[in-house]
Amino acid sequence: MKLFAVALAIAATVVSPVAAHYRWTSLIVNGTTTTAYQYVRPYTSYNSPVTDVTSSAFTCNQGATAAPGIAWTKAGSQIGFALDQAIYHAGVLNVYMAKVPAGQTAATWNGSGSVWFKTGQISAVTNGGSSITFPTDNLSKYTFTVPSKLPDGDYLVRIEHIALHSASSFQGAQFYVRISDSTIALDVDQISCGQIHVFGGGSTLPSSYVAIPGVYNGHEPGIQINIYYPIPPTYTQPGPAVWS
């Protein structure tokens with residue numbers, strides 16, 4: 001069993017770089033998947049994940065620039081992201097939002113500072129050490145509810161899938177981020193940022209925030225982890241609790 005688990009871990013490190021990566025390309029608004037990069041910020045690294053959680057690229061991915069549009073969505077409604085292909089790395093998912101400050105728009109602001117709060121997540125499922133499973137496997141889209149009490153205005157919404165297939169050493173986790181990468185290297189996540197305007201909302205914002213980069217240091221138990229052997233008895237989701 002131990003040899004089999006080690007073999008799985010080694011196999012995870014030799015996946016083709018092209019085959020290994022998926023991208024959050026489209027915003028889902030009013031039940032419709034919009035055109036790729038219409039409301040999601042394009043970036044220059046094509047499909048490479050981010051592996052340095054302290055890098056400025058960790059906010060919206062490497063070389064991210066403004067998308068042409070800002071999607072309008074009503075507070076309390078569903079919004080989400082679609083991928084260009086289904087997820088096939090074991091991992092977990094987080095979504096963050098940040099309210100754009102006065103004088104800027106969702107297309108001009110860079111999301112700097114302690115301004116982000118979590119609005120969605122998909123964690124791992126454990127049962128005391130017998131198995132660990134990942135509900136994001138084969139996921140092609142993710143939607144969540146925009147908190148109904150959020151004030152009207154422009155927001156950035158950021159999604160990340162943290163690939164844990166080679167995360168047993170520091171900077172082995174791969175972050176697949178979008179806003180509307182014989183020891184195993186850290187494979188952080190795919191990241192994207194979407195640009196939205198919330199209307200019909202309330203007057204309440206969270207009382208605490210995180211900075212991105214800054215929310216992780218790369219040594220969190222849910223980021224630097226060997227998911228193969230020994231099988232983790234529990235899993236701790238990276239980041240703060242979901243605010244709703």
Treat each ILVMFWY residue as a node, draw an edge where side-chain heavy atoms are under 4.5 Å apart, and state whether I122 and V146 are in one component.
yes
Test item: T236 and E220 side chains (from C-beta on) under 4.5 Å apart, heavy atoms:
no
Just how far is it from atom CD1 of I28 to atom OG1 of T73, taken to the nearest 0.5 Å?
11.5 Å
Heavy-atom side-chain proximity of T59 to P213 below 4.5 angstrom
yes
Closest heavy-atom pair, A82 versus T33, reported as atoms and distance to 0.1 Å, is CB-CG2, 3.8 Å
Would N110 and Q104 count as having a side-chain donor-acceptor pair, cut-off 3.5 Å?
no
Give the ring-plane orientation class for Y155 versus F117, where under 30° counts as parallel, over 60° as perpendicular and anything between as tilted.
perpendicular
Within the distance-only criterion (no hydrogens, no angle test), does the side chain of Q85 pair as donor or acceptor with the backbone N or O of R23 below 3.5 angstrom?
no
When you measure from the side chain of D154 to the backbone of H197, do you find a donor-acceptor pair of N or O atoms at a distance under 3.5 Å?
no
Pair F58-R158, side chain to side chain contact (heavy atoms under 4.5 Å, CB included): steps then yes or no:
CA-CA 10 Å; F58 195 60; R158 174 189 180 277; 3.6 Å; yes
Taking every non-hydrogen atom, the tightest pair across Q38 and A67:
O-CB, 3.7 Å
Between the CG atom in N217 and the CD1 atom in I223, the distance rounded to the nearest 0.5 Å is 7.5 Å
Side-chain heavy-atom pair W243, T204 within 4.5 angstrom cut-off:
yes
Side chains of L93 and I159 in contact at under 4.5 Å (non-hydrogen atoms)
yes
Nearest-0.5 Å distance that lies between atom CG in L164 and atom CD in Q224
11.5 Å
Indicate yes or no: at least one non-hydrogen side-chain atom of P240 is less than 4.5 angstrom from one of Y96.
yes
According to a hydrophobic-cluster definition based on side-chain heavy atoms being under 4.5 Å apart (Ile, Leu, Val, Met, Phe, Trp, Tyr only), do I231 and I227 belong together?
yes
Heavy-atom nearest pair, A75 first then L150, reads CB-O, 4.5 Å
Please assess K118 against V210 for the test side chain to side chain contact (heavy atoms under 4.5 Å, CB included), listing each intermediate value before the final yes or no.
CA-CA 9 Å; K118 189 189 285 188; V210 297; over 6 Å; no
Of the non-hydrogen atoms in P135 and A124, which two are nearest, and what is the gap between them?
CD-CA, 4.4 Å
Return the minimal non-hydrogen interatomic distance between Y22 and A163, and the atom names on each side.
OH-CB, 4.0 Å
Are I225 and Y235 close enough that some pair of their side-chain heavy atoms sits under 4.5 Å apart?
yes
Is there a path of hydrophobic side-chain contacts, each under 4.5 Å between heavy atoms of I/L/V/M/F/W/Y residues, joining I70 to V40?
no
Say you draw a straight line from CG of L83 to OG of S26; how long is it, rounded to the nearest 0.5 Å?
9.0 Å
Determine the minimum heavy-atom distance between K99 and L205, stating which atoms define it.
CD-CD1, 4.0 Å
Would you find a donor on one side and an acceptor on the other, under 3.5 Å apart, between the side chain of S77 and the backbone of K74?
yes
Contact between V115 and W109 at the side-chain level, heavy atoms closer than 4.5 Å - yes or no?
yes
Could you walk me through whether V157 and V95 pass the side chain to side chain contact (heavy atoms under 4.5 Å, CB included) check?
CA-CA 7 Å; V157 55; V95 175; 3.8 Å; yes
Short side-chain to backbone donor-acceptor contact, T44 and Q62, under 3.5 Å
yes
Measure the spacing between CD1 of I87 and CG of L139 and express it to the nearest 0.5 Å.
5.0 Å
Verify side chain to side chain contact (heavy atoms under 4.5 Å, CB included) between N94 and V215, making sure each step is shown before the conclusion.
CA-CA 12 Å; N94 288 317; V215 62; over 6 Å; no
State whether the number of non-hydrogen atoms from other residues, nucleotides or ligands found under 6.0 Å of K141 atom NZ is greater than 12.
no
Check whether the ring centres of H161 and Y142 lie less than 6.0 Å apart, and answer yes or no.
no
Report the distance from atom CZ of F134 to atom OG of S123, rounding to the nearest 0.5 Å.
8.5 Å
With a 4.5 Å limit on heavy-atom distance, are the side chains of P233 and T126 in contact?
no
